[in-house]
Each structure stands twice: as structure tokens, then as C-alpha cells.
2 protein chains.
Amino acid sequence: MNEQQLFIRIGSNIREMREERGMTQQDLAARCNMEKSNISRIEAGRTNLTARSAWKISQALGVKLGALFEVDF
Amino acid sequence: MNEQQLFIRIGSNIREMREERGMTQQDLAARCNMEKSNISRIEAGRTNLTARSAWKISQALGVKLGALFEVDF
DNA sequence: GGGACAGTTATCATATATGACAACCACGCA
DNA sequence: TGCGTGGTTGTCATATATGATAACTGTCCC
């Protein structure tokens, strides 16, 4: 797995959990105090997100931090 | 849990797994192609590490990416 | 004392994540 | 047609992660 695939996989995890909860990107951004453009970039795997951002997202989704990072080894 | 505690917890996870494997920070840095000073900052929780760095570290330690982020919710 | 090793800390330059904001696209609906 | 909503993309400024490097501390052993 290369780096780009990693980001895409993390972003897909986030998107999946967000949609399961019936939230829009705007909803999630508001709960995270983050920009919706940033959420979009993260979900699309276009950015190398930080632990801080991941943490805020995990809190907003009500999941464990590690859940965002479950990718095939 | 605040942000600083989060970083410290992640750093402690990394340190613990590194030491379990009998590696020095220098060893880990070399396997990650990262600076040893950076490893030191990350383990001490003084930096908001990125997914890329976490990924390289997890590969070098031979653990799943999510394992680095196992923190109390 | 002195050398080797592990880790920490400081500084500087560079790359980039994010915030802030705007424009845009696609879609559904009235 | 037009409007609202969800998402994407672009730009700019700022903050900061990291690389590169060096100096420093503490420890262990000769």
C-alpha cells in the first residue's frame, strides 16, 4: 500500500462512518470546528491529516480514534 | 482527554512498542527514514504527528496503523 | 578521565495542513 | 427555470510538522 492509497483508505473510513450516522460533511465540520473544505479533502484522501484532526473527527463521530486508521496492513 | 494528553498517549504507545522490539530511537528512525529528533519529539508527545509519519512508524514496528492510536476514548 | 551510546533540545529552512473564503458542479424539487 | 443542498475545488495566509544538523545530558564501561 502506498501513501496515496493510505490517505484514501482513511478518508473512506471517515466517509463511511459519517454517512452511517446520517451526517453531511457540513454537519461533521461544524461538530469538529473544522472547515467543510478540509473535511472534503480529508475524505477524498487528498491530504495527510494530523492526529489532532483525526481526533476531532473521531470525537464528532463518536468512535474510537483507532477506528479511523483501520487499514489493511 | 485534551490534545496534549492525546499526543502523549500516542507517543507512549510508540515508545512501548519500540522498546518491546529492542529498538533504539535511532534504529526506528533509520527504518522509517525519519530524523531521530523527530522520533524523540513524537514519542514525547510534543508534536501533532501526521498520518504519513504514523504509517511509516507502524510499518517499521510491524504493527497495524490503528495500534498507534489506541487511546482511551 | 575519556569514549561510545541513547536520548533530548535548539535552530533554521522547507513543505504542507488547515482556516477562511469564494466559486463552482450535480442533483432534486417546486 | 430557478432555488436549496451537498460536495468539490481553488486561492491566500498562517501555523506547524519535518528534515537537517549540532550541541548537550546522562549512563555505562574501559
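Reminder, nothing fancy here: chain letters follow the sequence lines and each chain counts from 1.
A donor N or O paired with an acceptor N or O is found under 3.5 Å between the base of C:dC21 and the side-chain atoms of A:S37. Judged by distance alone with a 3.5 Å cut-off, no donor-acceptor contact links the side chain of B:T50 to the base of D:dT18.
The distance from atom CD1 of A:I42 to atom C1' of D:dG7 is 15 Å, rounded to the nearest whole Å. Protein atom CZ of A:R41 is 11 Å distant from nucleotide atom C1' of C:dC21, rounded to whole Å. Between B:L28 atom CG and D:dT18 atom P there is a gap of 13 Å when expressed in whole angstrom units. Computed from coordinates, the B:I57 CD1 to D:dA17 P distance equals 14 Å when rounded to whole Å. Regarding B:E3, its CD atom lies at a distance of 14 Å from the C1' atom of C:dA17, rounded to whole Å. Atom CD in B:Q25 sits roughly 14 Å away from atom C1' in D:dT25 (whole-Å rounding). Distance CD (B:E43) to C1' (C:dA6): 11 Å, rounded to an integer number of Å. Taking atom CG of B:N38 as the reference point, atom P of C:dA15 lies 16 Å away to the nearest angstrom.
Residue order along DNA chain D, read from the 5' end via each residue's closest nucleotide, puts A:D27 first among B:K36 and A:D27.
For A:S12 (side chain) and A:I8 (main-chain N/O), a donor-acceptor pair under 3.5 Å exists by modelled atom type. Between the side chain of A:N13 and the backbone N or O of A:E70, at least one donor-acceptor pair lies under 3.5 Å. Looking at A:R9, its side chain never comes within 3.5 Å of a backbone N or O of A:V71 through a donor-acceptor pair.
In the set D:dA20, C:dG19, C:dG7, the nucleotide with an atom closest to the side chain of B:E35 is D:dA20.
Neither OP1 nor OP2 of D:dG7 sits under 4.0 Å from any side-chain N or O of A:S40. Listed pair B:N48 / D:dT16 fails the phosphate criterion, with no side-chain N or O lying under 4.0 Å from OP1 or OP2. Here A:S53 reaches the OP1 or OP2 of C:dT18: one of its side-chain N or O atoms lies under 4.0 Å away. Proximity of B:R18 to the phosphate of C:dG7: a side-chain N or O atom is located under 4.0 Å from OP1 or OP2. A sub-4.0 Å separation between OP1 or OP2 of C:dT9 and a side-chain N or O of B:R46 is present. In this structure, A:R52 does not reach the C:dG19 phosphate: none of its side-chain N or O atoms is under 4.0 Å from OP1 or OP2. The side chain of B:Q26 contributes no N or O atom lying less than 4.0 Å from OP1 or OP2 of C:dG7.
Side-chain contact between B:I39 and B:Q26 is absent, with no heavy-atom pair separated by less than 4.5 Å. Using a 4.5 Å heavy-atom threshold, the side chains of A:F69 and B:K64 count as separate.
Under a cut-off of 6.0 angstrom, the local environment of CZ in A:R31 is sparse, with at most 12 non-hydrogen atoms contributed by other residues, nucleotides or ligands.
No contact: B:I39 has no heavy atom under 4.0 Å from any strand. As judged by a 4.0 angstrom heavy-atom cut-off over every strand, A:T24 is placed among residues touching the sugar-phosphate backbone only.
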